[in-house]
Amino acid sequence: MFLEFPKGFFWGAATAAHQVEGDNYNDWTDWEEKNSIRLARSAIALARQADRFPEMFDADNYISGKACNHYNLFEKDFDIAKKLGHNAHRFSIEWSRIEPEEGKFNEAEIEHYRKVIRALRKRGIEPFVTLWHWTNPLWLAEKGGVAGEKFPFYFSRYVKKVSQSLGEDIKFWITVNEPNIYASLGYITGRQFPGKRNILLGIKAFGNLISAHRAAYASIHENDKFATVGATNNIIYFDPKNNNPINLLMCRIADYFWNIIFYKKISDSSDFLGCNYYSKKSVGFFGDAKKTDKSDLGWDIFPEGIYYLLKDIAKLKKPLFIFENGIADADDSERSDFIKNHLASVHKAISEGVDIRGYFYWSLLDNFEWNKGFWPRFGLIEVDYKTQKRTIRKSSYVYSDIIKNNGIEL
Ligand code: IFM
């Protein structure tokens with residue numbers, strides 16, 4: 001059976017500045033230096049993977065450092081994306097490079113991103129620009145970071161500068177990435193930067209990201225009324241352990257707060273909504289989690305989940321994009337099926353009328369996975385961090401055939 005996607009569908013992969021560029025200096029870098037030893041020690045929690053990924057016990061694994069040196073190698077990386085047939089690419093602009101001192105913008109760095117954008121266009125690849133993918137300039141940390149009173153103001157001032165400088169080459173803007181993950185892991189569980197455990201701060205950070213999105217939406221449109229602007233959030237399928245009414249209720253509550261509330265708050269100031277889907281979570285009491293295959297990170301593989309979530313989010317009547325969907329799979333044994341099966345679910349939603357415009361695999365390259373460091377391997381392209389050699393994984397060719405055919409054979 002052949003499942004064809006709509007004409008003009010955007011196909012590509014995504015990256016984020018801090019995870020691939022190398023030599024960034026921002027609030028996250030600072031946290032890495034202070035926490036790398038602790039993270040290496042606490043990796044014991046993932047010890048079932050210890051034989052395969054001994055680097056998880058090494059503090060250096062948790063320092064982003066040169067990362068993939070994509071800052072210098074972007075042209076080569078885009079050559080590979082082009083060879084694989086990608087017609088779109090999502091990347092992020094690093095705020096700490098653009099505005100290293102408060103209110104002072106670095107024109108040389110703006111020029112760098114102009115070159116990145118033109119390198120994509122030259123290869124026939126549509127750029128999708130994320131303006132904030134979790135990292136901030138150091139001066140902002142002193143003002144309370146994302147939970148600080150004036151965060152939306154600072155963000156929209158930076159966005160205004162970027163859109164005035166680069167706007168003529170950009171059609172698609174993604175203001176903020178995964179506010180729900182950032183607020184919950186950063187401010188509530190404290191598992192990643194800034195490592196706080198304060199629910200009120202978490203709510204403040206989340207609210208600020210909503211206001212920041214709205215302000216950025218307005219300032220981009222002021223500059224270019226034809227721009228297409230949205231934001232992207234992490235979505236999880238909450239799976240009840242059984243049909244006990246308490247479990248069902250818990251799932252509905254989790255679903256509303258994790259998957260829906262952000263989109264509801266921003267949909268009147270968004271031209272599209274972005275969805276980043278990876279996994280499901282078992283919820284509730286009185287039973288065991290249903291068994292599924294798992295990624296190297298232990299995340300459940302559940303392709304049907306994206307179908308249900310897209311159907312639900314579609315009720316907000318906005319065009320949708322899948323801006324992230326991927327798997328940590330170092331030996332590349334699961335990735336091809338992962339992509340195909342998730343795309344089959346996306347196609348099912350499209351065939352039932354959901355307006356989905358594009359799919360971006362996470363990630364183009366292996367990269368720095370935040371508080372897990374370098375050991376999880378998400379890339380279509382394998383990166384040897386010592387030599388910076390790129391090796392195209394087999395699953396990339398499977399994805400490439402899907403793109404060429406604009407559809408999947410099941
Ligand atoms: O690597 C991250 C990305 O930065 C945000 N979304 C989830 C990915 C995988 O964990």
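We count residues from 1, following the sequence as given. When a ligand or atom number is given, it counts from 1 through the structure's own listing order. Since we're looking at a predicted model, the values are computed, not measured.
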Undergrad: Out of His18, Glu178, Glu369, indicate the one that has the non-hydrogen atom closest to atom 10 (O) of ligand 1.
TA: Glu369
Undergrad: Specify the protein heavy atom at minimum distance from atom 8 (C) of ligand 1: its residue, its atom name, and the distance to 0.1 Å.
TA: Tyr278 OH, 3.3 Å
Undergrad: Within the 4.0 Å heavy-atom shell around His133, which atoms of ligand 1 are there?
TA: 3 (C), 4 (O), 5 (C)
Undergrad: Out of Lys372, Gln19, Glu324, whose heavy atom sits nearest atom 4 (O) of ligand 1?
TA: Gln19
Undergrad: If you measure only the distance, is there a donor-acceptor pair under 3.5 Å linking the side chains of Ser295 and Glu334?
TA: no
Undergrad: Enumerate the atoms of ligand 1 whose separation from the nearest heavy atom of Phe378 is less than 4.0 angstrom.
TA: 9 (C)
Undergrad: Among Leu248, Leu249, Val283, whose side-chain contact (heavy atoms from CB on, under 4.5 Å) with Pro240 holds?
TA: Leu248
Undergrad: Run the ring-centre check on Phe360 versus Trp362 and record whether the distance is less than 6.0 Å.
TA: no
Undergrad: What part of Trp299, side chain, backbone, both or neither, has a heavy atom within less than 4.0 angstrom of ligand 1?
TA: side chain
Undergrad: Describe, in one word, how the ring planes of Trp11 and Tyr399 are oriented to each other, choosing from parallel (under 30°), tilted (30 to 60°) and perpendicular (over 60°).
TA: perpendicular
Undergrad: Strictly by modelled atom types, are Trp173 and Asp271 linked by a side-chain donor-acceptor pair under 3.5 Å?
TA: no
